[in-house]
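All remarks here apply to the structure that follows.
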Amino acid sequence: MTINELSASISQLKHSTDTAVLAHSYQSRPILESADITGDSYALAKRAAELPQQNVLMCGVRFMAETVKILAPKKRVFLANTLAGCPMAEQVEPEMLAHLKKTEPDRTIVAYINTTAELKRQCDVCVTSSSAVKIVRSLPNDKLLFLPDCNLGDYVKKQVPSKDIKLIQGGCPVHAAVSVKEALAAKEAHPNAKLLVHPECLPGVVALADYVGSTKGISDYAAASADREFIIGTEISIAEHLSYDCPDKTFHVLSKKILCPNMKLTTLPDLYRALSEIDGGISDREITLTDTIISEARRCIDAMLAYGG
Ligand code: 13P
Ligand code: SF4
């Protein structure tokens, strides 16, 4: 099958199985082109509940599919490649958080959305990289525990110095792989380029940035900016997408190390196979969560949506 034939079959299967395809911005271009909704973690979570389709197929990582299932429990939700997990989401064990909550009972627990459904049950409010500063600023309690990403947490702390925010050691191994030395070298190699960085990067790298924001924030900033040249400090696919979307501008990757192997596991044939399985009525890609997990984990996601991101 050629790529065009594959895309045509995907489109037909989406329709015949009443399935919406959601794709995170770190997915490859052919997958983004086959998707009904694309965007950063916040956009995917927010739009999931409004979808008319009965089935949802997530091209991204497991916590994103779980978030859709929690927000739309009556829908059947599938993960296109079941091996695609996010190592950061698994970093905090529920038992460890239960212990932390006992030792710090007066702190509001703020969880990055990159966490498992099981962990979300114990959290008060979720945030994404695009909503973290705004939500933390709006919270009535000044004492917070932010987990699991201490780099995003450090960025939020600096933006909201009035809050007492406790961090734990954790974060995205992909974004945190870029050193300050590498960032300085990239700036030296491209002296006219603006450096746009995701807050999952190390604080020293974030400090060098001209703009700090989520995947969508970085893409929107680059598209709207009057500048012509950029160093993109997030997953390397974003620099590639921007090169297509803004052909009159130049995009350099901050480091080839910012390649998320989990996000890259999903391929167009996975999408086709997953839809064929949905069509056949049998799929081991379905996300199943108990009613208790769904209702308890939902509280912190609803709180995020109520704060409006
Ligand atoms: P955003 O989608 O919030 O930009 O986060 C990036 C990321 O690493 C997703 O896993
Ligand atoms: Fe997880 Fe980092 Fe990959 Fe995002 S980029 S899915 S946070 S490992």
Side-chain angles (χ1 to χ4, degrees), residues 22-28 31-32 35 37-48 58-68 79-92 110-116 119-120 126-136 146-153 155-156 169-178 196-202 205-206 209 211-223 232-242 253-266 301 304-305 307 309:
L22 270 56
H24 187 268
S25 324
Y26 292 166
Q27 295 295 303
S28 67
I31 290 178
L32 294 181
I37 297 176
T38 63
D40 63 8
S41 306
Y42 183 71
L44 297 182
K46 194 167 152 43
R47 301 277 305 279
M58 174 62 75
C59 300
V61 290
R62 181 167 293 274
F63 78 83
M64 296 176 177
E66 284 187 352
T67 304
V68 176
L79 180 62
N81 187 313
T82 53
L83 297 175
C86 166
M88 166 157 47
E90 320 262 332
Q91 278 167 353
V92 180
V110 183
Y112 196 16
I113 200 162
N114 300 38
T115 39
T116 59
L119 196 80
K120 285 185 176 83
C126 263
V127 296
T128 66
S129 55
S130 60
S131 63
V133 170
K134 182 177 169 195
I135 291 178
V136 163
F146 187 100
L147 53 91
D149 188 342
C150 63
N151 296 324
L152 174 63
Y155 175 68
V156 173
Q169 197 62 44
C172 166
V174 175
H175 286 82
V178 186
L196 317 184
V197 165
H198 198 285
E200 287 175 10
C201 289
L202 296 176
V205 174
V206 169
Y211 171 82
V212 182
S214 73
T215 308
K216 183 175 184 326
I218 288 175
S219 302
D220 290 351
Y221 180 95
I232 302 299
T234 189
E235 219 277 341
I236 57 172
S237 54
I238 298 298
E240 185 195 333
H241 301 327
L242 279 165
V253 294
L254 172 58
S255 163
K256 286 185 184 149
K257 285 186 205 154
I258 324 186
L259 188 156
C260 177
N262 282 284
M263 284 285 185
K264 294 290 174 277
L265 281 175
T266 307
I301 302 177
M304 171 182 84
L305 296 172
Y307 280 104

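Note that the structure is a prediction, hence the values are computed from the model and not measured. Numbering of ligands and ligand atoms starts at 1, following listing order.
- Separating the CG atom in Leu152 from the OG atom in Ser129 is a distance of 6.5 Å, to the nearest 0.5 Å.
- Residue Ser130 has no nitrogen or oxygen atom sitting less than 3.5 Å from a nitrogen or oxygen atom of ligand 1, judged on distance alone.
- Between the side chain of Thr115 and the backbone N or O of Ala111, no donor-acceptor pair lies under 3.5 Å.
- Against a heavy-atom cut-off of under 4.0 Å, Ser41 is close to the following atoms of ligand 1: 1 (P), 2 (O), 3 (O), 5 (O), 9 (C).
- For ligand 1, the polar-atom distance check against Ser129 finds a nitrogen or oxygen pair separated by under 3.5 Å.
- The protein heavy atom nearest to atom 6 (C) of ligand 1 is Tyr26 OH, 3.2 Å.
- The shell of residues lying under 4.0 angstrom from ligand 1, judged by heavy atoms, includes His198.
- The nearest heavy-atom contact from the protein to atom 7 (S) of ligand 2 is Asn114 ND2, 3.2 Å.
- Note on Lys264 versus Glu235: salt bridge recorded, some NZ/NE/NH1/NH2 to OD/OE distance being below 4.0 Å.
- Classification of the His198-His175 ring pair by plane angle, with boundaries at 30° and 60°, yields tilted.
- When each atom of ligand 1 is checked for a heavy atom of Asp40 under 4.0 Å away, the hits are 1 (P), 2 (O), 4 (O).
- Panel note: side chain Arg62, backbone Ala84; no donor-acceptor pair is recorded below 3.5 Å.
- Ligand 2 has Glu200 within reach: a non-hydrogen atom of the residue lies less than 4.0 Å from it.
- Annotation for ligand 2: atoms under 4.0 Å from non-hydrogen atoms of Cys86 are 1 (Fe), 6 (S), 7 (S).
- Here the shortest heavy-atom distance to atom 8 (O) of ligand 1, taken over Glu200, Met263, Met64, belongs to Glu200.
- Taken from SG in Cys172 to CG in Asn114, the straight-line distance is 8.0 Å, to the nearest 0.5 Å.
- Note: Ser131 OG to Met304 CE = 6.0 Å, rounded to the nearest 0.5 Å.
- Here the heavy atom of the protein found nearest to atom 3 (Fe) of ligand 2 is Cys260 SG, 2.4 Å.
- Remark: ligand 1 and Thr215 share an N or O pair separated by less than 3.5 Å (distance only, no angle test).
- Looking at atom 10 (O) of ligand 1, its nearest protein heavy atom turns out to be Asn114 ND2, 3.3 Å.
- For the atom pair CE of Met58 and CD1 of Ile37, the computed distance is 9.0 Å after rounding to the nearest 0.5 Å.
- In terms of protein heavy-atom proximity, atom 2 (Fe) of ligand 2 is nearest to Cys172 SG, 2.3 Å.
- Which parts of ligand 1 touch Tyr112 is read off a 4.0 Å heavy-atom cut-off, strictly below it: atoms 5 (O).
- The backbone N or O of Gly39 lies less than 3.5 Å from a partner atom in the side chain of Ser25, making a donor-acceptor pair.
- Ligand 2 lies within reach of Met88, whose nearest heavy atom is under 4.0 Å from it.
- Between the side chain of Gln27 and the main chain of Met263, a donor-acceptor pair closer than 3.5 Å is present.
- Exactly one residue among Thr234, Asp220, Asp40, Thr128 makes a side-chain hydrogen bond (donor to acceptor under 3.5 Å, both in side chains) with Ser214. That residue is Asp40.
- Contact analysis puts His24 in contact with ligand 1, with a non-hydrogen atom separation below 4.0 angstrom.
- Remark: ligand 2 atoms within the under-4.0 Å shell around heavy atoms of Pro87 are 8 (S).
- With ligand atoms numbered from 1 in the order given, ligand 1 contributes 4 (O) to contacts under 4.0 Å with heavy atoms of Ser214.
- Under 4.0 angstrom from ligand 1, there are no non-hydrogen atoms of Ile113.
- Proximity of Asn151 to Val205: side-chain heavy atoms (C-beta onward) are nowhere separated by under 4.5 Å.
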